[in-house]
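Structure record follows, encoded as structure tokens.
Computed over heavy atoms, backbone and side chain alike; hydrogens, waters and symmetry mates excluded. Computed from a predicted structure; not experimentally measured.
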Amino acid sequence: MAKKTTIYDIARELNITVSTVSRALNNISTISESTRNAVMETAKRLNYRPNKVASSLTSGKTYIIGVLLPSAQIQFFASVIHALEKYLKSFGYSILLYQTNESLESEKNGISTLLEAQVDGIIASMSLETQEVSHFLKVKEEGKPLIIFDRTHDDLQHTPTVKIDDEQAGYIVTKHLLDKGYKNIAYITTKHGIKIFKERYEGYLRALEEAKRPINQAYSLFGELTVEGGYEGTQTLLKLRDKPDAIIGGDDYVALGIIRALHENKITPPTVGVIGFANQNFSEHIIPSLSTIDQQAIKMGKECAKMFLKIIESNTADKNNIEPVILEPLLLARESTDR
């Protein structure tokens, strides 16, 4: 096995002290530009790789951030990760990703795994199964920063968060449908008690009450947050005597199932209006194109990164005394509601 290059080899090559090499590699301002360049060029020529384990023991930091999320296959979360990683990389941080696949048990294992990996902090979005949050409190107990994005929880209300105004998002989509002339608006969402989905539903109810529209309980269906959930819910709604003339999906996947069920029943949106949340990749490419809410995934990722760096650099004992970041939901009106 080839011998690994160390800072001692670089010092010997340049006939300078080991401490000078170390300061040059760490970009300490007391080192001259010519010395720093010589060290960097020699390090590159000798294929030097810094020993991160030794560095972390000295500094107490690994420069690795744990990211816990439901699924990287969902475009919204993938976009958040992309922006988050890109921003943190410019400050010398890497991310360690753990997917829960919407499982509470996997989420608990993920927290333990990331803490065992000695990450400098954890940025997380909860699984649909998450009702209690004691496993997240372990992060705080270890004195590490914890940031929750998108899917939040009332029992973590003093934890730094980045999210959209979900109640306003629910209001916006309902008001959009009302403004387009739809009157009997149904809502298909998840049966899981995740806060953001409750808030979106509350926004839906607020818009109906404001418009003095009756609240028809038969129009509110709570099932799975999947294409199949949207499909099955729509089949149920179409059996009603007073059928809805518009349907809101809890996310774009639910909305896709709604459109599929309508097509099978010879109904093409916007005859019945359909709208979702999250602006997934497919949303603008299906026929008809899907109206939806843009949750500003790229901005959310950047804001999570900025918040983490703010906590790290503040050196404050209270890592929770950080103002939440609430982003504006953006309506993308497309063909599925263009009546």
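Between atom CD1 of residue I286 and atom OG of residue S336 there is a gap of 7.0 Å, rounded to the nearest 0.5 Å. Between the CD1 atom in I259 and the CD1 atom in I287 there is a gap of 11.0 Å [rounded to 0.5 Å]. Atom CZ in F136 sits 10.5 Å away from atom NZ in K108 (nearest 0.5 Å). Atom OH in Y63 sits 11.5 Å away from atom OG in S94 (nearest 0.5 Å). Between atom CD1 of residue I298 and atom NZ of residue K86 there is a gap of 8.5 Å, rounded to the nearest 0.5 Å. Interatomic distance, K163 NZ to E303 CD, rounded to the nearest 0.5 Å: 14.0 Å.
In summary, the side chains of E107 and Y98 do not present any donor paired with an acceptor at a separation below 3.5 Å, with no hydrogens or angles considered. S112 and K138 are not linked by any side-chain donor-acceptor pair at a separation below 3.5 angstrom, with hydrogens and angles left out of the test. Remark: the D150 side chain and the Q295 side chain contain an N/O donor-acceptor pair separated by less than 3.5 Å. Using a 3.5 Å distance cut-off with no hydrogens or angles, the side chains of N265 and Q235 do pair a donor with an acceptor. Side-chain contact annotation: R200 with Q168, donor-acceptor N/O pair under 3.5 Å absent. Using modelled atom types, one finds no donor on one side chain facing an acceptor on the other under 3.5 Å when comparing E129 with H192. Side chains of S106 and T100: a donor-acceptor N/O pair is absent below 3.5 angstrom, by distance only. Checking S283 against D252 by side-chain atom types alone, a donor-acceptor pair falls below 3.5 Å. Counted by atom type alone, S32 and T35 present one or more donor-acceptor pairs between their side chains at under 3.5 Å. Using a 3.5 Å distance cut-off with no hydrogens or angles, the side chains of Y171 and E202 do not pair a donor with an acceptor. Counted by atom type alone, T292 and N279 present zero donor-acceptor pairs between their side chains at under 3.5 Å.
Smallest separation of non-hydrogen atoms from D165 and P329: O-CG, 3.6 Å. In this structure, D9 and T5 approach most closely via the heavy-atom pair OD2-CA, 3.4 Å. Closest approach of P244 to L237, counting heavy atoms only: CD-O, 3.9 Å. In terms of heavy-atom proximity, H153 sits nearest to E132 at NE2-N, 4.5 Å. In terms of heavy atoms, D245 sits closest to Y182 at O-CD2, 3.0 Å. Across all their heavy atoms, L262 and P269 have their closest contact at CD1-CG, 3.9 Å.
Tested against Y219, the residues I247, D242, I248 include a single side chain to side chain contact (heavy atoms under 4.5 Å, CB included) partner, D242. Looking at V80, L84, L69, I148 one by one, the single match for side chain to side chain contact (heavy atoms under 4.5 Å, CB included) with I123 turns out to be L84. Paired with P324 under the rule side chain to side chain contact (heavy atoms under 4.5 Å, CB included), one option of T152, T161, V162 passes, and it is T161.
When ring centroids are compared, F197 and F222 stay outside the 6.0 Å threshold. Taking the six-membered ring for Trp and the full ring otherwise, Y87 and Y93 have centroids separated by 6.0 Å or more. Taking the six-membered ring where the residue is Trp, the centroids of Y187 and Y201 are separated by under 6.0 Å.
For H82, the NE2 atom sits in a loose shell: 12 or fewer heavy atoms of surrounding residues, nucleotides or ligands are nearer than 6.0 Å.
Under the 4.5 Å side-chain heavy-atom criterion for grouping Ile, Leu, Val, Met, Phe, Trp and Tyr, V39 is connected to L46 within one hydrophobic cluster. F91 and M300 fall within a single hydrophobic cluster, where Ile, Leu, Val, Met, Phe, Trp and Tyr are joined by side-chain heavy atoms under 4.5 Å apart, directly or via other members. I326 and I322 sit in two unconnected hydrophobic clusters of ILVMFWY residues. Membership requires side-chain heavy atoms under 4.5 Å apart, directly or through other members. Side-chain heavy atoms closer than 4.5 Å link hydrophobic residues (I, L, V, M, F, W, Y) into clusters, and following such links, possibly through other members, connects I258 to L331. Placement of L330 and F149 in two distinct hydrophobic clusters is found when ILVMFWY residues are connected by side-chain heavy-atom separations under 4.5 Å, directly or transitively.
Of the possible polar contacts, one joining the T236 side chain to the E232 backbone as a donor-acceptor pair under 3.5 Å is found.
Ionic pairing of E328 and K299 is not present here: no N-O contact between side-chain nitrogen and carboxylate oxygen is shorter than 4.0 angstrom.
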> Going through the distances and angles, do E228 and R260 end up as a side-chain contact (heavy atoms from CB on, under 4.5 Å)?
Replying inline: CA-CA 9 Å; E228 197 59 33; R260 176 182 146 206; 3.6 Å; yes
>> Checking D179 against K175 for the salt bridge (Lys or Arg N to Asp or Glu O under 4.0 Å) test, could you report, in this order, the C-alpha distance in whole Å, the side-chain angles of both residues, the deciding distance, and whether it holds?
In response: CA-CA 6 Å; D179 289 345; K175 181 73 163 54; 3.2 Å; yes
>> Could you go through K140 and T159, starting from their C-alpha distance and side-chain angles, then the distance that decides it, and tell me whether this counts as side-chain hydrogen bond (donor to acceptor under 3.5 Å, both in side chains)?
In response: CA-CA 9 Å; K140 295 185 175 187; T159 301; 2.6 Å; yes
> Under the side-chain contact (heavy atoms from CB on, under 4.5 Å) criterion, do D120 and F308 qualify, and how do the steps go?
Replying inline: CA-CA 10 Å; D120 291 339; F308 173 81; 4.2 Å; yes
> Which is it for F277 and F76 under the ring pair (Phe, Tyr, Trp, His ring centres under 6.0 Å) test, yes or no, and what are the steps along the way?
Replying inline: CA-CA 10 Å; F277 295 88; F76 166 73; over 10 Å; no
>> Walk me through whether R36 and E33 qualify under salt bridge (Lys or Arg N to Asp or Glu O under 4.0 Å).
In response: CA-CA 5 Å; R36 183 181 295 109; E33 189 70 23; 3.2 Å; yes
> Between T17 and T20, does a side-chain hydrogen bond (donor to acceptor under 3.5 Å, both in side chains) hold up when you go through it step by step?
Replying inline: CA-CA 5 Å; T17 65; T20 299; 2.7 Å; yes
> Does the salt bridge (Lys or Arg N to Asp or Glu O under 4.0 Å) test come out yes or no for R151 and E102, once each step is laid out?
Replying inline: CA-CA 12 Å; R151 299 180 185 177; E102 303 290 13; 2.8 Å; yes
>> I'd like to know whether T130 forms a side-chain hydrogen bond (donor to acceptor under 3.5 Å, both in side chains) with S127, so could you lay out the CA-CA distance, the side-chain angles of the two residues, the decisive distance to 0.1 Å, and finally the verdict.
In response: CA-CA 5 Å; T130 303; S127 78; 2.8 Å; yes
>> Between K198 and D166, does the salt bridge (Lys or Arg N to Asp or Glu O under 4.0 Å) criterion hold? Intermediate values first, please.
In response: CA-CA 9 Å; K198 288 181 179 178; D166 285 288; over 6 Å; no
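The shortest distance between side-chain heavy atoms of I188 and T234 falls below 4.5 Å. Side-chain contact between E105 and H135 is absent, with no heavy atoms from C-beta onward closer than 4.5 Å. At least one side-chain heavy atom of L25 sits under 4.5 Å from a side-chain heavy atom of M40.
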